[in-house]
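See below for the structure under consideration.
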Amino acid sequence: MTIPSSVALIAISNGSPPGVPNPVNALSAHVRQYLQTELVSALKDPSMLAIVLVGRPDGRGVFSAGADIKEFSGSSGGSVTTSEPGGIPTLNDLAHLMEGSSKPIIAALTGACLGGGMELALAAQYRVADKSLKYGLPEVKIGLIPGAGGTQRLPRLCGVRYALDVIVRGRINCSSAEGMKFGFLDGVATNEESVVDCAVRWASWASKLPPITLESRRLCNRSVPNDDEGMQNEDMCDFALQSCPPKRAGGESAHATVEAIRASFELTSFLEGMEVEKNVFNDLLYHSLQGRAYRHIFFAERASSSGKRKSTNSLAKGKGTIGVIGAGTMGRGIAISFLKAGYAPVILLDVNPKGLEAGVKYIQQTLQVDAKKGRLSPSKMKAALACLKSSTDLSSLADCDLVVEAVFENLGVKRDIFSKLDSIVKKEDALLLSNTSTLDVDAISSSLSPKRRKFCAGMHFFSPAHIMKLVEVVRGKDTSADTLETIRAVTKLIRKIPIVVGNCDGFVGNRMMHPYTTESTLTLVGHGGGEAGLTISDVDSAIGPKYFGMALGPFQVSDVAGNDIGYNIRREKGLLRDPKTGQVGKNRSPGMRYTEIADEMVEKMGRLGQKVQKGWYNYDPKVGKGRKPLPSTEMQQLLDKYSKDSPSRGTKLGKDEIVQRVLFPLVNEGFKILEEGIASDPSDIDIIYLYGYGWPAYRGGPMFWADNEVGLQVVLRKLEELHIMHPG
């Protein structure tokens, strides 16, 4: 359709400066200035009878993913709420300009219409879309609330129930069908027309309506409707608060959204509600440490995923043959990740036929369950199942473009596998990767011929691999930059977050876990014992979700993972006492702080964790599906034994003291890792702990927490104090 001369078509994408990529049509200062200029021009032009606001001139791609969040560190309310005389317009300025327009404005919505983009759409008099639309207001996820009228206009348009659902949950997946159902949209383009055609059709019709109709379309003139199901608006807000996390545990922005939505119907005017929204938005922006933590994560995640160069390898385009060695828990999850991303074929290999059969069955069942629950379309499930191949013969990996080895943690076994792959895999530039969680990647790589070593690296998934979002990409001394960029691109395609790290024992995540778990056990033994002493659950309670906020406390984590894992690592490191001779391990130096409580519980008691229903805790299959930790008399007796000589035996510690003793050593190890260049940025460590170890998002990661919430001087003083108290 040709655009009539009486309709002004304004495309958000045209507002970006030449040569500056803006793929999501972020509403930066330059874009807002452009939109204001174009809107004012169209409103002043007597020949223009209506305005169509679209993402791109052709009506394809995104409408707008919202505000430019990088501006939120400035002094103007993130250029959302507070205008400066004669300065750049804020999103609120644009929304008020659009809402007060003397000519009908039709927002033509496609693709992502999020945050400030949706708020501009709400300010238009009419909204139409095509079937690609996904809209929402996700500000709560970065510690804010919608600040350009979203909390006031959406309840007036669609009711409080729907506004709470979209805003408090921070939804980003609302479809055009949903928009029609709940009244956000006025129309959807037919199969025979584009969204621009549809918008122009509406514009031509709306331009002929009397002015009184336009007045009624301005949401600022409407009151909030009553609920269709008869529930009072205030009761719905109270109910919504019950589902929000506590304020102290990351819920500040969620509670604030409800407060702002409540103002839409409790106050007498739209302007009063807007004032509440502005004040709440600015309070969160400038005073909420939780909000700063959420935004820190937002930027850190994007920085870690964006490489300095773009891989040209076909693997980076989702094409290539994948081999996964090992059909155990990790191998299965890794194979599922590649299958769901569309790689074909994916060959699962295990020398044990029964283990291979179990692995294939698990993968098939998992994909079928995903399809049944709507996480995977039926067609994609069938395609994934068809692409899954299995073998017990290593030679079946000859044509692979990428191989991930995921067998158990034994350096000799891994070196043997890579030595065989060296002669089996035909393509000299095939990526040969290890899923090792602690072992020396260079030692593994050295079993390859020199020409292959630049294509070798670590690709450390976290369990369960098809669910956990994190991958540590381990850089060996010979790993090429192109290899790292290809792995980074592949990791993003399988919908995970890649963090490039250096090669050392435990890399970043597991290396930092060592002082954490060690100090947890030493603190327990130092202050446990007797009726009044520190208990296992005391430590877990201080670190866990109800206080500090970790997903699980250290002893619960050990039970879930298996206490034999830590035991085997200590044995490999030469720290265990020889059960026959009684001699301590060769690497346990004199004066080293060490307790054998965790060794004895595995070696002599068989307390391996949840899988055998006993570890640091007891587990009953009839209680909490066998996952609820229950106190163990046997473990209390063992704790009494090991704490009997401690001068602090039988004394409690406050939760804050436990947090400091357990987590400050972890943070200290993080700084050592940065000093050694194993991690390139503190934010990389934060992302690793957020997505790999259950660190609470509202605390921003261990390095952010230490720097911003605790203070580095406080951390240093406490570590120095503990060093004096506990040398070695």
Side-chain angles (χ1 to χ4, degrees), residues 77-78 80-83 90-93 95-96 98-100 115-116 118-124 135-171 174 182-184 215-248 250-288 290-291:
V80 172
T81 60
T82 308
S83 347
T90 66
L91 283 179
N92 255 321
D93 294 333
H96 289 314
M98 289 174 61
E99 190 167 52
M118 180 175 168
E119 290 178 291
L120 288 187
L122 284 166
Y135 67 92
L137 294 167
E139 287 84 351
V140 68
K141 294 182 178 179
I142 56 170
L144 295 169
I145 68 169
T151 66
Q152 303 305 301
R153 291 189 178 94
L154 189 58
R156 285 171 164 81
L157 179 64
C158 302
V160 168
R161 182 187 296 271
Y162 189 63
L164 289 167
D165 179 57
V166 173
I167 300 174
V168 179
R169 292 173 59 195
R171 291 185 59 195
C174 305
F182 290 98
F184 172 67
E215 187 71 15
S216 68
R217 299 294 302 184
R218 297 187 178 112
L219 296 179
C220 62
N221 294 333
R222 297 188 188 181
S223 57
V224 176
N226 294 324
D227 183 53
D228 289 340
E229 298 180 29
M231 194 171 181
Q232 295 296 312
N233 288 333
E234 55 265 31
D235 292 339
M236 284 189 286
C237 287
D238 292 340
F239 184 76
L241 286 173
Q242 295 176 23
S243 65
C244 295
K247 280 187 177 182
R248 55 158 292 275
E252 286 179 356
S253 56
H255 283 257
T257 60
V258 178
E259 177 187 349
I261 291 170
R262 197 189 294 273
S264 71
F265 62 83
E266 285 190 344
L267 301 182
T268 56
S269 74
F270 176 80
L271 290 178
E272 288 178 289
M274 287 295 295
E275 188 67 17
V276 169
E277 181 186 87
K278 182 182 79 171
N279 291 338
V280 171
F281 178 94
N282 286 338
D283 184 52
L284 289 171
L285 180 64
Y286 296 121
H287 304 125
S288 171
Q290 290 179 13

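All of these numbers come straight from a predicted model, not from anything done at the bench.
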* CG on N221 to CZ on R156, rounded to 0.5 Å -> 9.5 Å

* Is any side-chain heavy atom of N92 less than 4.5 Å from a side-chain heavy atom of M274? -> yes

* For the side-chain contact (heavy atoms from CB on, under 4.5 Å) test, which of I145, T151, V276 pairs with F281? -> I145

* To do: Give the intermediate values and the outcome of side-chain contact (heavy atoms from CB on, under 4.5 Å) for residues R171 and K141.
  => CA-CA 9 Å; R171 291 185 59 195; K141 294 182 178 179; over 6 Å; no

* Asked: If only atom types and distance count, is the side chain of E119 paired as donor or acceptor with the main-chain N or O of A148 below 3.5 Å?
  -> yes

* Nearest heavy atoms of C244 and V258, plus distance in Å -> SG-CG2, 4.5 Å

* **Smallest separation among heavy atoms of V280 and A256, with atom names** => CG1-CB, 3.5 Å

* Structure fact -> So CZ of F270 and CZ of R218: to nearest 0.5 Å the spacing works out to 12.0 Å

* NE2/H287 to CD/E252 distance, rounded to the nearest 0.5 angstrom? -> 12.0 Å

* Asked: Is it true that a side-chain atom of D283 and a backbone atom of N279 form a donor plus acceptor pair closer than 3.5 Å?
  -> no

* To do: Taking the side chain as every heavy atom from C-beta outward, state whether D93 and T90 have any atom pair closer than 4.5 Å.
  => yes

* Atom CE in M236, atom CG in D227: separation rounded to 0.5 Å? -> 4.0 Å

* Asked: Between E139 and L144, is there a donor-acceptor pair closer than 3.5 Å when you use the side chain of the first and the backbone of the second?
  -> no

* P225 to P155 - nearest heavy-atom pair and separation -> CD-O, 3.3 Å

* Asked: Atom CD1 of I167 and atom CG of L154: how far apart are they, to the nearest 0.5 Å?
  -> 5.0 Å

* Structure fact -> When every non-hydrogen atom of I261 is compared with those of C237, the smallest separation belongs to CG2-SG, 4.5 Å

* Structure fact -> Rounded to the nearest 0.5 angstrom, the CZ-SG distance for F182 and C158 is 8.5 Å

* Whether E277 side chain and A260 backbone form a donor-acceptor pair below 3.5 Å -> no

* **Summary of side-chain hydrogen bond (donor to acceptor under 3.5 Å, both in side chains) pairs that have at least one residue in residues 256-267, sequence neighbours excluded** => D238-R262

* To do: For E99 and A123, indicate whether the former's side chain and the latter's backbone hold a donor-acceptor pair under 3.5 Å.
  => no

* Asked: Does the pair R161/D165 count as a salt bridge with the N-to-O cut at 4.0 Å?
  -> no

* Asked: What are the two closest non-hydrogen atoms of L267 and G273, and how far apart are they?
  -> CD1-N, 4.0 Å

